[in-house]
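We use all heavy atoms of the structure for the numbers below, so side chains are in, but hydrogens, waters and symmetry mates are not. Convention: sequence-line order gives letters A, B, ...; per-chain numbering from 1.
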2 protein chains.
Amino acid sequence: MTKRRFVVIGGDAAGMSAASLARRRDPDLEIEAYEMGSYTSYGACGMPYYVSGEVPELDDLVVVTPGEFEQERGIKVFLRHRVERIIPQENLIEALNLETGQVRRAPYDELLIATGAEPIVPPDLDTSLPGVFTLRGLADAGSLKAWIKKHERREAVVVGTGYIGLEMAEALTLAGLKVTLIGRRPRVMPTFEEEISAAAAEELTRHEVQVRTGAEAGRAEIRSDGRLALSLTDGETLTADLILVGAGVNPRSRLAQEAGLDLGEKKAIKVDQSQKTSHPHIWAAGDCAEAYHLLRQNNAYVPLALTANRQGRVVGFNVTGGSARFPGILGSAVCKVFDLAVARTGLGLKEAQSQGLDAVKVMVTSRSRPHYYPGSAPVRTVLIVERKTNKLWGAQMAGTDGVAPRINTWAAALAAGFSLEQVYNLDLAYAPPFSPVWDPVLISAEVAMKQIKG
Amino acid sequence: MTKRRFVVIGGDAAGMSAASLARRRDPDLEIEAYEMGSYTSYGACGMPYYVSGEVPELDDLVVVTPGEFEQERGIKVFLRHRVERIIPQENLIEALNLETGQVRRAPYDELLIATGAEPIVPPDLDTSLPGVFTLRGLADAGSLKAWIKKHERREAVVVGTGYIGLEMAEALTLAGLKVTLIGRRPRVMPTFEEEISAAAAEELTRHEVQVRTGAEAGRAEIRSDGRLALSLTDGETLTADLILVGAGVNPRSRLAQEAGLDLGEKKAIKVDQSQKTSHPHIWAAGDCAEAYHLLRQNNAYVPLALTANRQGRVVGFNVTGGSARFPGILGSAVCKVFDLAVARTGLGLKEAQSQGLDAVKVMVTSRSRPHYYPGSAPVRTVLIVERKTNKLWGAQMAGTDGVAPRINTWAAALAAGFSLEQVYNLDLAYAPPFSPVWDPVLISAEVAMKQIKG
């Protein structure tokens, strides 16, 4: 009897989580993973901290090496192999060896598409120009860092005002560059409420990042002095030594689409909560796929690392006879911008209203610790609440102290379906080094209750 | 028509929270507060940080001064007045002015007993000896600090291995003293699971605090050289310049008992969830009273600051025509011991078992941030879980990074009645500066599920 074969397209966290769990559950399964690049299972979210110098070596970001997958887990990894075609009718993929040009045809019983996401690049911007970078994978972070070490000139433009844009603006500043941050949208962190965006913009300015919102990147070219000129669509031109494009991502779903699979929101691969695509033996996980949103109660495209890991595990479970379901996202995320943390969970006001909810937004400013304790700092909290029921639908925070972990208390409250009153009544732990007697979570729930009551 | 009168015994957070809320809700109420000491509404939990020098001035710990209560809130505060008697039959109290010796008789319509708690002092230890201190209130912290500034000799014994004992051991170490910590119980932080106690003990030792558990304090006396000799009940004698008693507290409930009110656990004043005592017009709140425990579903004595504040507010609401209920505690607490935080919420293993639960304990060690990110540190988590249902009943943590706020995610999960699986499925926010992709909360839920499944 031939062994069952599980083939994974993509060597990132989603794919390798699936492969690893499948191996633990089924020692007899034949598992192959195909990865375009030269790394597997790396912490892509750590790239800014390598560029900044906080993480000394690129290899530090690798969790499990291809060799370890092969030797310790019996997972065959084909690096520098780009899968060109999925042929569902024959349960077969074709992968091009980027080194040799040879094509490898690999049959599968179950196939996982974990191709990740593709940076969004402004249409007129030529990323092949020297000094222009995107962050597709670890190798790009390596090239960028090498470029910074080698070059004297020190002005950078970062294109994109979401998580990656802001993290890279910080990283390049810490690496010694003078940074201008540009973004199409009228404010930074546009997926956050404006009160939180404003805090992020202030923090960038405080660290001498020049912020230009409402500015779209056009063509870039090399000037006669070797520097880059970047035209903005409003007619202005910026001069820079380095351009980093970090303007969000699109799902890498072309392969799935060509194989006839259904796509969903933002062309992400459509999946059910078992992570199965529209084809019975093909699964999808991670940044190429949709994710079930618990509050919207439908699928959304919110590419984040925990979701990718979790979806990978669901697939690893399900291809080995299990019946796991992806539990769903709440839209929780956090981002460090210099000393500030901005964090969110749940729906924003517009999202809530577009769900048909009679929702309101309340902003509360409180302090992270008692007034007398060193390190006490303001915490800005924005709550999205259903007016009639006082039910919580979203929470966002910004502050330099204690914001990141507090968002998870809100996330748990959202998962529990709590009202503001239930949050206010939570018995949270208190000691002066960590929080005021009335934690910002409790205070903001209280103030919001009062404001909504009117 | 005469105005209704609300009388408060005790000027601490519980009493003054009640008085303040009652004032906001009823501008016509006549409100009087009687306080033995010279301060009102102070952050008693901040005392260790004044002693250590982290908080420069004692007055920094005062939230609202007596003058502000009188002028801004119309609450008459009688400082240095000790209430000697409650006469429920006449709706009257008698208060002794400690300065003048005069007795003031004050009638009330509603009375709040918020007398707080009394430090437990070993029976043979004379706390009136020079160099022997307890922390009854802010004034004691002032005397202690003054003593430290004035004296050269530098050895201290701290009696008590709970929150206060450990916080004071740290404070005195930071203030430049060499500290020996002694406690009756076999381990420090005896209300925590032993895995957490062990982490606290290690941290104390690492900072050169000598820890002597199972050692009971006996008599102290002044030696001929002016230093103190403290006999332990095992026969040994310690020499010290300073003895600080921080061995837990008992409810200050004598007044209530003499007035014929019912007492409950540990002689705390018995209350219902409206904070009413066994007498219809007398209420109790804070460290002198019981608190409803959500998981035990009965009243417990767990004197903590948030509970005191919350119970005070409930009384302030209810004496002004409201019908609020104290929402209940989960037993959440956190304590800083040098660089370590130890935190808990919910039941310990024995508590859970004594509730008739088939509970098990699982310990998981994980890391606070990704392996590559600076500042990543181990986090020890102990979970108390009901075997059959996987329902969470308690969580305790110890670590130098990110422990305090994470305990509140567990607290929210407990309030929601979550199982381990529901915790594992939480969509928590991730970014490398703050947590690994799989947060210690998620990892410990996962490992516990596996261990329990066996």
Side-chain angles (χ1 to χ4, degrees), chain A residues 13 43 45-46 49 54-55 60-61 63 163 167 294 304-307 309 327-336 341 343-345 370-374 402 404-409 411-413 415-418 422-435 437-439 441-442, chain B residues 13 43 45-46 49 54-55 60-61 63 163 167 294 304-307 309 327-336 341 343-345 370-374 402 404-409 411-413 415-418 422-435 437-439 441-442:
Chain A
C45 305
Y49 312 102
E54 291 157 282
V55 174
D60 293 341
L61 300 182
V63 182
Y163 303 107
E167 286 170 354
L294 278 169
L304 287 170
L306 176 59
T307 301
N309 277 266
I329 61 169
L330 295 165
S332 307
V334 58
C335 175
K336 178 177 173 297
R344 61 168 292 166
T345 184
H371 65 282
Y372 58 78
Y373 197 87
R406 282 191 173 97
I407 204 69
N408 290 336
T409 306
F418 279 172
Q422 285 173 299
V423 173
Y424 171 66
N425 284 338
L426 283 174
D427 185 28
L428 302 185
Y430 158 66
F434 306 115
S435 70
V437 177
W438 294 96
D439 191 274
V441 169
L442 304 178
Chain B
C45 305
Y49 312 101
E54 291 157 281
V55 173
D60 293 343
L61 300 182
V63 182
Y163 303 108
E167 286 171 353
L294 278 168
L304 287 171
L306 176 58
T307 302
N309 277 266
I329 61 169
L330 296 165
S332 307
V334 59
C335 176
K336 178 178 173 294
R344 61 167 291 168
T345 185
H371 67 281
Y372 58 78
Y373 197 88
R406 281 190 174 97
I407 204 68
N408 290 336
T409 306
F418 278 171
Q422 286 173 299
V423 173
Y424 171 66
N425 283 340
L426 283 175
D427 184 28
L428 301 186
Y430 157 66
F434 307 115
S435 70
V437 177
W438 293 97
D439 191 273
V441 169
L442 304 177

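Proximity to chain B (any heavy atom under 4.5 Å) is restricted, for A:C335, to the backbone atoms N, CA, C and O. For A:L294, no part sits under 4.5 Å from any heavy atom of chain B, backbone or side chain. In this structure, chain A has no heavy atom under 4.5 Å from any part of B:Y163. If you measure heavy-atom distances from A:A333 to chain B, the contacts under 4.5 Å come from the backbone alone. Of the atoms belonging to A:L426, heavy atoms from both backbone and side chain fall under 4.5 Å from chain B. The parts of B:L306 that come within reach of chain A are both its backbone and its side chain, each placing non-hydrogen atoms under 4.5 angstrom from that chain.
Ranked by non-hydrogen atom pairs under 4.5 Å with chain A, the options B:A13, B:G328, B:A343, B:A404 are led by B:A404. Per-residue counts of heavy-atom pairs under 4.5 Å with chain B were compared for A:V437, A:D439, A:N408; the largest is that of A:N408. The most heavy-atom pairs under 4.5 Å with chain B, out of A:A431, A:S332, A:G417, come from A:S332.
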Run B:L304 and A:Y430 through side-chain contact (heavy atoms from CB on, under 4.5 Å) and show every step you take. CA-CA 8 Å; B:L304 287 171; A:Y430 158 66; over 6 Å; no
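Put simply, the side chain of B:H371 gets close to the backbone of A:D60: a donor and an acceptor are under 3.5 Å apart. A donor-acceptor pair under 3.5 Å is absent between the side-chain atoms of B:D427 and the main chain of A:I329, judged by distance alone.
Considering every non-hydrogen atom in both A:G43 and B:Y372, the closest pair reads O-OH, 4.2 Å. The shortest heavy-atom contact between A:A416 and B:A416 is CB-CB, 3.4 Å. Taking each heavy atom of A:E54 and B:P374 in turn, the nearest pair found is O-CG, 3.5 Å. For the residue pair B:T409 and A:P405, the shortest heavy atom distance occurs at OG1-O, 4.4 Å.
Between B:Y49 and A:Y373, the ring centre distance stays below 6.0 Å.
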